[in-house]
Number of protein chains: 2
Amino acid sequence: MKSNSLFKGSLTTIILTLLEQNDKMYGYEITQKVKEIANDLKITEGALYPALHKLEGDGLLTVSIEKVGNRNRKYYALTENGKIETTNKLNNLKDFVEQMQLILNTKLATT
Amino acid sequence: MKSNSLFKGSLTTIILTLLEQNDKMYGYEITQKVKEIANDLKITEGALYPALHKLEGDGLLTVSIEKVGNRNRKYYALTENGKIETTNKLNNLKDFVEQMQLILNTKLATT
DNA sequence: TTTTAATACCTAAGAGTTTTAGGTATATTT
DNA sequence: AAATATACCTAAAACTCTTAGGTATTAAAA
């Protein structure tokens with residue numbers, strides 16, 4: 001059950017897609033959202049924060065800091081390039097699943 | 001289109017499943033088979049051979065050398081543990097796809 | 001009220017997997 | 001004769017994630 005480790009590159013896809021769905025989110029919120037939706041697919045903060053910084057550095061995300069009480073939240077949102085890249089990542093993932101189905105000769109998605 | 005890089009861990013799943021379908025295969029044959037079935041999903045020899053050696057070391061594969069002309073082929077086949085692990089890997093992949101669908105709110109497989 | 005758990009951010013060493021870039025040798029095709 | 005395909009291999013580098021910490025504020029539990 002506990003298929004602990006994410007598949008390579010899927011973390012970025014998850015982040016981008018969640019931001020497409022929610023306009024803006026902060027790091028901790030993303031970890032909780034994933035835990036809430038997909039119980040078996042944990043994303044660790046040690047992976048998340050560096051990934052967010054990289055996406056920001058690549059110009060796919062922008063940051064805005066909001067003070068809540070005495071604490072700072074860093075809200076991330078997609079840039080235009082970020083939206084384009086989100087589409088690309090989703091297409092890549094779909095392609096990957098299709099190609100895997102061909103090789104494995106199996107329906108991977110029964111939903 | 002060229003979603004070049006495999007997703008983490010999928011290489012092992014591919015190797016094991018192809019061996020489940022074909023009883024025995026040699027390394028080069030595996031690369032060709034994948035190229036033939038899934039054009040966008042290239043597996044490189046630099047990844048394949050170390051992976052085969054690891055699977056053998058873990059007791060999931062056995063090797064038998066066959067001489068063809070003046071050249072040696074190393075045929076790999078699943079052990080009993082290898083068959084069990086193949087099932088596990090396939091289930092992991094299915095779980096992963098299902099969890100991703102939940103997060104992305106998308107049907108990844110339209111086949 | 002003190003301690004624990006949750007919220008919220010972060011980094012760095014290490015592990016694991018794949019790419020890149022080679023190498024060797026035989027067999028076939030041009 | 002030279003180039004391509006077959007068939008095996010390794011090692012350095014790149015990339016991603018885990019593990020294992022760290023800091024600080026806020027809420028809940030003891």
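Letters A, B, ... are given to chains in the order of the sequence lines, protein chains preceding strands, and every chain is numbered from 1.
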Of A:Val68 and A:Lys54, the one whose closest DNA chain D nucleotide lies more 5'
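The answer here is A:Lys54.
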
In whole angstrom, what separates [X]'s [atom1] from [N]'s [atom2]?
X: B:Phe96; N: D:dC17; atom1: CZ; atom2: P; value: 10 Å
X: B:Gln32; N: C:dT28; atom1: CD; atom2: P; value: 16 Å
X: A:Lys67; N: C:dA8; atom1: NZ; atom2: P; value: 15 Å
X: A:Leu52; N: C:dC9; atom1: CG; atom2: P; value: 9 Å
X: B:Ile65; N: D:dC8; atom1: CD1; atom2: P; value: 10 Å
X: B:Met25; N: D:dA7; atom1: CE; atom2: C1'; value: 14 Å
X: B:Asp58; N: C:dG16; atom1: CG; atom2: P; value: 11 Å
X: A:Arg73; N: C:dC10; atom1: CZ; atom2: C1'; value: 17 Å

Return the nearest nucleotide to the side chain of [X]; candidates are [options].
X: B:Leu11; options: C:dC10, D:dC8, C:dT18; value: C:dT18
X: A:Glu45; options: C:dC10, C:dA6, D:dT6; value: C:dC10
X: A:Pro50; options: C:dT11, C:dC10, C:dA27; value: C:dT11
X: A:Thr44; options: C:dA27, C:dT18, D:dT18; value: D:dT18
X: B:Tyr49; options: D:dA7, D:dT18, D:dT6; value: D:dA7
X: A:Tyr26; options: C:dT17, D:dC8, C:dA8; value: C:dA8
X: B:Arg71; options: D:dT6, C:dA8, D:dT25; value: D:dT6

Please check if the side chain of B:Thr79 supplies one atom and the backbone of B:Leu60 the other of a donor-acceptor pair under 3.5 Å.
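It does hold such a pair.
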
With heavy atoms under 4.0 Å as the rule, sort [X] into base, sugar-phosphate or nothing.
X: A:Ile43; value: nothing
X: A:Glu29; value: nothing
X: A:Gly46; value: base

Determine: side-chain N/O of A:Lys74 to OP1/OP2 of C:dC10, distance under 4.0 Å, yes or no.
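So the side chain of A:Lys74 is within the cut-off, an N or O lying under 4.0 Å from OP1 or OP2 of C:dC10.
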
Between C:dC9 and A:His53, is there an OP1 or OP2 to side-chain N/O distance shorter than 4.0 Å?
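The answer is no; no side-chain N or O of A:His53 sits under 4.0 Å from OP1 or OP2.
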
Considering heavy-atom distances to DNA chain C, does B:Phe7 or B:Gly69 have its closest nucleotide positioned more toward the 5' end?
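Here B:Phe7 is the residue nearer the 5' end.
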
May I ask you to test the A:Leu104-B:Leu93 pair for a side-chain heavy-atom distance under 4.5 Å?
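The answer is yes; the side chains approach within 4.5 Å.
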
Any side-chain heavy atom of A:Lys83 within less than 4.5 Å of one from A:Glu20?
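A side-chain contact under 4.5 Å is absent here.
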
How long is the straight-line distance from CD1 of A:Ile103 back to CD of B:Glu36, given to the nearest 0.5 Å?
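Between B:Glu36 CD and A:Ile103 CD1, I get 11.0 Å after rounding to 0.5 Å.
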
Classify the angle between the aromatic ring planes of A:Tyr26 and A:Tyr75 as parallel (below 30°), tilted (30 to 60°) or perpendicular (above 60°).
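Correct class here is perpendicular.
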
Do B:Lys24 and B:Glu66 sit within salt-bridge range, that is, some charged N less than 4.0 Å from a carboxylate O?
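Yes, charged N to carboxylate O under 4.0 Å.
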
